[in-house]
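Below is one structure; the comments refer to it alone.
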Amino acid sequence: DYRLLFLIDEVGQYIGSDSDLMLNLQTVREELSKECKGKAWVIVTSQQDIDSVTKTKGHHCSKIQGRFDTRLSLSSANADEVIRKRILEKNETGAQSLRVLYEAKGTSIKNKIEFNDGIEKKLYSDADNFAAVYPFVPYQFNLSGSVLTAIRTYSSSGKHMADGERSLLALFKESAMSVKDNEIGALVPFNMFYEPIREFIDHSHSIVIKRAYDNEFINPEHEENCFAVNVLKVLFMIKYVKEIKSNIENITSLMVSHVDEDRLELKNKVEAALKSLVKQTCVQKSGDNYVFLTNEEQEINRAVEAQAIDPAEKTAKISELIFDG
């Protein structure tokens with residue numbers, strides 16, 4: 001009068017590229033079925049689809065999957081729900097204070113955080129939503145997920161980062177901890193997500209940020225929390241993310257750190273920071289967008305700028321463009 005379950009966790013990592021281990025799992029499943037007369041459950045988990053983790057594709061994989069009839073796909077599309085339940089749950093007093101704050105300043109908050117690239121970024125829908133995700137802004141859940149994917153793709157050091165929720169949980173927990181002593185009304189700006197992922201970032205990217213801290217023009221006061229370097233961190237994180245354009249308006253929205261922030265003043269600070277970053281070849285301006293330059297890209301840029309061109313050559317080229325047509 002009871003249920004017997006055998007649970008095998010992280011089976012994808014265990015099997016890897018070894019087809020013998022795949023057959024091992026199949027044998028375990030068949031033996032248990034025989035000994036328990038088909039009355040026991042065997043449950044296996046894998047961080048991704050078993051066939052995307054293992055290199056043993058084809059008939060081996062389909063054979064073993066045939067032994068497991070019930071499939072549960074737990075995608076990380078609702079990572080924000082997991083984070084809200086496990087990290088951001090408030091007690092009733094806290095939730096009520098936040099609802100009151102949003103009712104008083106909701107319109108003002110909406111005007112402070114706006115994106116102009118035509119791609120959907122979720123913002124606060126109502127007072128309950130504000131209380132549930134505070135001190136974060138709803139767009140940060142999807143955007144930080146895209147940043148982690150980009151780091152896994154473009155950074156060899158980030159290949160072993162956990163997929164989906166686990167990395168996001170760590171990211172949000174550490175960022176929330178960094179503002180825990182602030183007064184109510186403080187928000188987490190997007191640059192705060194850099195610290196928890198710093199150890200997974202390739203040298204060619206991290207060295208740029210380290211040098212910016214030591215640069216007299218970018219950080220004359222040698223501050224730990226330098227605004228221009230924080231803007232650089234944001235540009236690094238969104239460098240490979242297609243969901244957001246790195247123009248001044250969007251960068252300003254990503255840098256909002258308080259519900260009472262003066263957006264115009266913040267935008268001026270962002271513009272000044274970008275000017276100094278462009279001047280020091282940490283960032284390149286491309287149309288309205290600003291692009292973070294890796295160490296290698298900076299060297300190429302410096303070489304291009306150092307190239308001396310004879311004024312006579314310029315004149316000849318211009319006259320050719322104008323008159324030859």
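The analysis underlying the following values was restricted to heavy atoms, covering all of them including side chains, and did not include hydrogens, waters or symmetry mates.
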Examine distances only and state if a side-chain atom of [X] and a backbone atom of [Y] form a donor-acceptor pair shorter than 3.5 Å.
| X | Y | value |
| --- | --- | --- |
| Tyr213 | Glu224 | yes |
| Ser175 | Phe172 | no |
| Glu35 | Leu32 | no |
| Asn250 | Lys245 | yes |

Heavy-atom side-chain contact between [X] and [Y] under 4.5 Å:
| X | Y | value |
| --- | --- | --- |
| Ile251 | Lys267 | no |
| Leu4 | Trp41 | no |
| Leu254 | Val231 | no |
| Lys110 | Leu123 | no |
| Phe130 | Val259 | yes |
| Phe193 | Met237 | yes |
| Val42 | Val28 | no |
| Arg29 | Gln26 | no |

Can you sort out the partners of Lys39 under salt bridge (Lys or Arg N to Asp or Glu O under 4.0 Å), two or more places apart, ordered by chain and number?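 For Lys39 there are no salt bridge (Lys or Arg N to Asp or Glu O under 4.0 Å) partners, ignoring immediate neighbours.
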With sequence neighbours left out, which residue pairs that include part of residues 243-281 fulfil the ring pair (Phe, Tyr, Trp, His ring centres under 6.0 Å) condition?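 Residue pairs passing ring pair (Phe, Tyr, Trp, His ring centres under 6.0 Å), neighbours aside: none found.
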Of the non-hydrogen atoms in [X] and [Y], which two are nearest, and what is the gap between them?
| X | Y | answer |
| --- | --- | --- |
| Pro189 | Leu187 | CD-O, 3.2 Å |
| Leu171 | Pro196 | CD1-CB, 3.7 Å |
| Ala273 | Phe227 | CB-CD2, 4.2 Å |
| Pro135 | Ala186 | CB-O, 3.7 Å |
| Ala132 | Leu88 | O-CB, 3.6 Å |
| Ala131 | Ala95 | CB-O, 3.8 Å |

Is there a side chain to side chain contact (heavy atoms under 4.5 Å, CB included) between Ile248 and Thr252? Walk through the geometry before answering. CA-CA 6 Å; Ile248 286 175; Thr252 305; 4.0 Å; yes
With respect to Val283, which candidate in Val208, Val291, Leu232 satisfies the side-chain contact (heavy atoms from CB on, under 4.5 Å) definition? Leu232
To the closest 0.5 Å, what do you measure between [atom1] ([X]) and [atom2] ([Y])?
| X | Y | atom1 | atom2 | value |
| --- | --- | --- | --- | --- |
| Glu30 | Leu23 | CD | CG | 9.5 Å |
| Cys226 | Ile218 | SG | CD1 | 7.5 Å |
| Met192 | Gln140 | CE | CD | 10.5 Å |
| Phe136 | Ser144 | CZ | OG | 8.5 Å |
| Leu169 | Glu174 | CG | CD | 11.5 Å |
| Glu89 | Lys85 | CD | NZ | 7.5 Å |

Residue list, side-chain contact (heavy atoms from CB on, under 4.5 Å) with Ser253, at least two apart or on another chain: Ile113, Phe115, Arg263
Might you confirm whether atom CG of Asp288 has over 12 heavy atoms from other residues, nucleotides or ligands at distances under 6.0 Å?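 It does not: Asp288 CG has 12 such atoms or fewer within range.
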Should the heavy atoms of other residues, nucleotides or ligands under 6.0 Å from CD of Glu320 be counted, would the total exceed 12?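 Yes - once you tally the heavy atoms of other residues, nucleotides and ligands closer than 6.0 Å, there are more than 12.
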Common cluster, [X]/[Y], ILVMFWY with side-chain heavy-atom separation under 4.5 Å:
| X | Y | result |
| --- | --- | --- |
| Ile184 | Val137 | yes |
| Phe6 | Leu21 | yes |
| Ile151 | Ile207 | yes |
| Phe323 | Ile318 | yes |

CA sep, side-chain torsions, deciding dist, call: Tyr134, Lys90, side chain to side chain contact (heavy atoms under 4.5 Å, CB included): CA-CA 9 Å; Tyr134 182 85; Lys90 320 286 189 302; 4.3 Å; yes
My understanding is that only residues two or more places apart in sequence, or in another chain, count here; which of them pass side-chain hydrogen bond (donor to acceptor under 3.5 Å, both in side chains) with Ser146?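 Scan of Ser146 (side-chain hydrogen bond (donor to acceptor under 3.5 Å, both in side chains), adjacent residues dropped) gives Glu243.
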Side chains of residues 96-109: which donor-acceptor pairs under 3.5 Å do they make with residues two or more places apart or in other chains?
{"unit_1": "Gln96", "atom_1": "OE1", "unit_2": "Arg99", "atom_2": "NE", "d": "3.4"}
{"unit_1": "Gln96", "atom_1": "OE1", "unit_2": "Arg99", "atom_2": "NH2", "d": "3.2"}
{"unit_1": "Ser97", "atom_1": "OG", "unit_2": "Thr93", "atom_2": "O", "d": "2.8"}
{"unit_1": "Arg99", "atom_1": "NH2", "unit_2": "Glu92", "atom_2": "OE2", "d": "2.8"}
{"unit_1": "Lys105", "atom_1": "NZ", "unit_2": "Asp260", "atom_2": "OD1", "d": "2.8"}
{"unit_1": "Lys105", "atom_1": "NZ", "unit_2": "Asp260", "atom_2": "OD2", "d": "3.0"}
{"unit_1": "Ser108", "atom_1": "OG", "unit_2": "Lys112", "atom_2": "NZ", "d": "2.9"}

Can you pull the salt bridge (charged side-chain N to carboxylate O under 4.0 Å, His left out) pairs that have at least one residue in residues 307-316, sequence neighbours excluded? none
Could you tell me if [Y] and [X] have a donor-acceptor pair between their side chains, going purely by distance under 3.5 Å?
| X | Y | answer |
| --- | --- | --- |
| Ser257 | Glu261 | yes |
| Asn215 | Gln280 | yes |
| Asn289 | Ser246 | no |

When you look at Phe190 and Val256, which way does the side chain to side chain contact (heavy atoms under 4.5 Å, CB included) test go after all the steps? CA-CA 8 Å; Phe190 202 68; Val256 171; over 6 Å; no
How far apart are the C-alpha atoms of Ile8 and Thr45, what are their side-chain angles, what is the distance that settles it, and do they pass the side chain to side chain contact (heavy atoms under 4.5 Å, CB included) test? CA-CA 7 Å; Ile8 309 171; Thr45 72; over 6 Å; no
Flag this pair as yes if the NZ/CZ of Lys122 is under 6.0 angstrom from the six-membered ring centre of Tyr139 and inside a 45 degree cone about the axis; otherwise no.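 Not satisfied by the 6.0 Å and 45° rule.
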